[in-house]
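Contents: one structure, followed by commentary.
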Amino acid sequence: MKYQELIEQLKDGSFDKALKELYGSSVQIISHQRKRYLEAVEKFNEYFPEHDEVQIYSAPGRTEIGGNHTDHQHGCVLAAAVDLDIIAVVAFHNEGVIRLKSKGHSHDIVNLSDLSVQKKETGSSSALIRGIASGFHEMGVKISGFDAYTTSDVLSGSGLSSSAAFEVLIGTIIDSHYNHGKAGAVEIAKIGQYAENVYFGKKSGLMDQMVSSVGGLVSIDFHDTENPAIKSFPYDFEKSGYCLCVTDTKGSHANLTDDYVAVRSEMESIAKQLGKAVLRDVDENEFYSAIVQLREKCSDRAVMRAAHFFAENKRAVMEADALSEGNMNCFLELVRQSGESSANLLQNLYSCSNPTAQAIPLGIMLSRRILGKNGAVRVHGGGFAGTIQAFVPAEKVTEYSQEMNRIFGDGSCYILRIRPVGGIEITEG
């Protein structure tokens with residue numbers, strides 16, 4: 001689309017239908033998104049003025065609803081794409097380079113003639129871009145290059161997986177333009193995980209990328225990681241009288257790598273003792289029968305974390321079933337059980353290396369004080385620091401968000417809407 005034509009259509013409301021699908025239909029929301037998109041297009045023109053034709057892409061953040069630390073053991077999860085996203089204004093060229101400017105960050109420049117792992121890029125967005133380009137190159141996709149400007153509502157460290165949204169965004173851009181969309185959502189997610197694991201240098205499961213790429217509310221079974229079973233189904237929490245809230249407790253993520261690694265390694269140490277690679281392949285009854293022997297080889301915490309997996313894996317399926325049947329009371333009770341299991345068995349509410357910093361338990365305590373017997377609250381995502389998730393009765397959502405913002409700072413509480421689609425091109429058609 002011509003640059004000036006895009007500006008005019010954003011202003012005259014031609015894109016409002018697409019914006020309503022992604023962000024909701026209120027006048028205030030649409031006005032905000034129009035302004036956001038216009039600013040992004042204008043910023044692109046400021047950084048890359050040589051281009052006349054542009055396209056816009058979007059990829060959402062995600063929220064984990066059920067299955068806390070189950071995906072890396074090939075388990076089941078329940079998760080949803082949300083209405084916070086990264087958007088990219090893009091122009092394609094044949095220069096053999098990807099140039100990307102993200103709001104608030106320096107330029108990333110990736111030369112497509114060398115797609116090998118660059119150690120100096122470890123932990124950078126350039127590493128993710130190079131890794132994703134490499135993944136498509138291995139599929140035989142020829143990428144000529146593009147320039148892009150991105151802006152994100154999925155704040156880094158918010159627990160809504162800004163990294164996965166970025167990976168899906170880049171993958172969607174490449175797949176849509178250079179591969180005619182042939183890879184599709186699942187393959188884009190796998191390529192994103194590959195880039196994060198191999199190029200970025202962070203071991204991760206596949207859940208974050210999969211949910212961002214597929215979109216909507218999804219139940220995913222990772223028993224076969226090459227072909228995960230994905231079930232999408234609609235559910236409107238607001239119509240059930242609840243709001244989905246995620247609060248960033250502002251705990252520091254610094255020096256937590258060992259905590260995250262320990263969860264996975266301890267679960268896998270139990271599996272190894274029982275002759276398997278991951279807990280999903282272990283018989284639960286055999287595990288409980290072998291606890292005496294397991295304690296001789298593994299820590300008590302490892303045993304408890306394995307126990308969490310077996311219960312949480314089943315719970316994620318039961319939560320999906322409860323929502324499919326419209327049984328909100330059953331769902332909320334399962335969320336409460338999940339929260340208790342994460343606290344007492346998985347033990348990921350705070351780090352043992354800094355035991356006096358307990359923002360997540362504090363947030364959960366305060367949430368329960370407001371919710372009473374209504375609603376539910378639990379740790380969100382990886383844990384140890386970061387975010388909590390609550391299902392709040394609609395009549396209490398103002399009180400709840402105000403209290404969370406009072407304690408943890410303005411803008412800490414996100415009132416989220418489930419986004420029905422994953423990574424897409426906005427300007428398509």
Side-chain angles (χ1 to χ4, degrees), residues 6-44 56-63 80-89 102-104 149-156 158-162 165 169 212 215-217 234-248 250 370 375 380 387-428:
L6 179 55
I7 292 285
E8 291 170 1
Q9 290 196 13
L10 283 168
K11 288 180 177 179
D12 69 20
S14 297
F15 283 97
D16 284 3
K17 182 179 179 180
L19 297 179
K20 287 177 182 178
E21 181 182 26
L22 299 185
Y23 309 108
S25 58
S26 81
V27 173
Q28 183 179 7
I29 287 173
I30 296 303
S31 176
H32 167 73
Q33 291 299 337
R34 276 189 193 173
K35 180 180 178 182
R36 178 179 175 232
Y37 275 66
L38 282 166
E39 288 178 352
V41 174
E42 289 165 357
K43 280 292 184 182
F44 174 88
I56 302 180
Y57 295 82
S58 162
R62 69 94 188 102
T63 180
V82 298
D83 55 350
L84 300 177
D85 69 343
I86 305 177
I87 61 173
V89 182
S102 294
K103 182 179 180 180
Y149 175 82
T150 72
T151 181
S152 177
D153 281 345
V154 192
L155 301 178
S156 179
S158 65
L160 299 170
S161 201
S162 58
L169 181 71
S212 177
L217 179 63
Y235 192 84
D236 191 329
F237 286 104
E238 292 183 7
K239 286 185 178 179
S240 296
Y242 289 84
C243 290
L244 169 58
C245 299
V246 169
T247 298
D248 183 0
K250 305 296 176 66
I370 295 172
H380 179 253
T387 55
I388 60 172
Q389 179 186 76
F391 296 90
V392 182
E395 66 272 15
K396 288 193 173 185
V397 72
T398 299
E399 176 191 0
Y400 181 81
S401 61
Q402 287 178 346
E403 180 67 355
M404 292 297 103
N405 288 331
R406 182 181 75 87
I407 299 299
F408 299 109
D410 289 341
S412 297
C413 184
Y414 301 86
I415 302 171
L416 300 175
R417 173 181 173 271
I418 294 177
R419 166 169 155 157
V421 295
I424 59 166
E425 180 190 346
I426 306 293
T427 45
E428 185 176 20

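As the structure is a computational prediction, the values presented were derived from the model and not from experiment. Values reported hereafter were calculated over all heavy atoms of this structure, with side chains retained and with hydrogens, waters and symmetry mates removed.
Atom OG1 in Thr427 sits 10.0 Å away from atom OH in Tyr37 (nearest 0.5 Å). The distance from the CD1 atom of Ile415 to the OH atom of Tyr400 is 10.0 Å, given to the nearest 0.5 Å. For the atom pair CD1 (Ile407) and OG1 (Thr247), the distance works out to 11.0 Å, reported to the nearest 0.5 Å. Atom OH of Tyr149 sits about 12.5 Å away from atom CD1 of Ile56, to the nearest 0.5 Å. With rounding to the nearest 0.5 angstrom, the CG atom of Leu160 is 9.5 Å from the CD atom of Gln389. Note that CG of Asp85 is 6.5 Å distant from CD of Gln33, once rounded to the nearest 0.5 Å.
Listed by first and then second residue, the salt bridge (Lys or Arg N to Asp or Glu O under 4.0 Å) pairs involving residues 10-31 are Asp16-Arg34 (not counting sequence neighbours).
Partners of Ile418 by side chain to side chain contact (heavy atoms under 4.5 Å, CB included), not counting sequence neighbours, listed by chain and number: Ala80, Leu217, Phe237. Every residue two or more places apart in sequence or in another chain that forms a side chain to side chain donor-acceptor pair (under 3.5 Å) with Tyr57 is listed here: Gln55. Remark: Glu399 engages Ile370, Lys396 in a side chain to side chain contact (heavy atoms under 4.5 Å, CB included) (not counting sequence neighbours). For Ser401, the side chain to side chain donor-acceptor pair (under 3.5 Å) criterion is met by no residue, not counting sequence neighbours. When the side chain to side chain contact (heavy atoms under 4.5 Å, CB included) test is applied to Val82, the partners found at least two apart in sequence or on another chain are Thr63, Leu84, Leu416.
With hydrogens and angles disregarded, a donor-acceptor distance shorter than 3.5 Å links the side chain of Arg419 to the backbone of Gly422. Side-chain atoms of Arg417 do not come within 3.5 Å of backbone N or O of Asp236 as any donor-acceptor pair. Side-chain atoms of Ser152 come within 3.5 Å of backbone N or O of Val154 as a donor-acceptor pair. Of the possible donor and acceptor atoms, none in the side chain of Asp248 sits under 3.5 Å from a partner among the backbone N and O of Ser412.
Taking every heavy atom of both residues into account, Ile388 and His380 meet most closely at C-CB, 3.8 Å. When all heavy atoms of Leu169 and Ala88 are compared, the pair lying nearest together is CD2-CB, 3.7 Å. Nearest approach of Ile426 to Ala18, heavy atoms of both residues: CG2-CB, 4.5 Å. Here the closest heavy-atom approach between residue Ala40 and residue Thr151 is recorded as CB-CG2, 4.1 Å. When all heavy atoms of Ala81 and Val421 are compared, the pair lying nearest together is CB-O, 4.4 Å. Looking at every heavy atom in both residues, Ala165 comes nearest to Gly61 through CB-N, 4.2 Å.
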message: With side-chain contact (heavy atoms from CB on, under 4.5 Å) as the criterion, how do Ser58 and Tyr23 come out once you've worked through the C-alpha distance, each side chain's angles and the decisive distance to 0.1 Å?
response: CA-CA 12 Å; Ser58 162; Tyr23 309 108; 4.2 Å; yes
query: Is there a salt bridge (Lys or Arg N to Asp or Glu O under 4.0 Å) between Glu403 and Arg406 once you walk through the steps?
result: CA-CA 5 Å; Glu403 180 67 355; Arg406 182 181 75 87; 2.9 Å; yes
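Counting non-hydrogen atoms of other residues, nucleotides and ligands closer than 6.0 Å to CD of Gln28 gives a total of 12 or fewer.
Between Thr150 and Ser102, the side chains place a donor N or O and an acceptor N or O closer than 3.5 Å (distance only, hydrogens not considered).
Using a 4.5 Å heavy-atom threshold, the side chains of Pro393 and Tyr242 count as touching.
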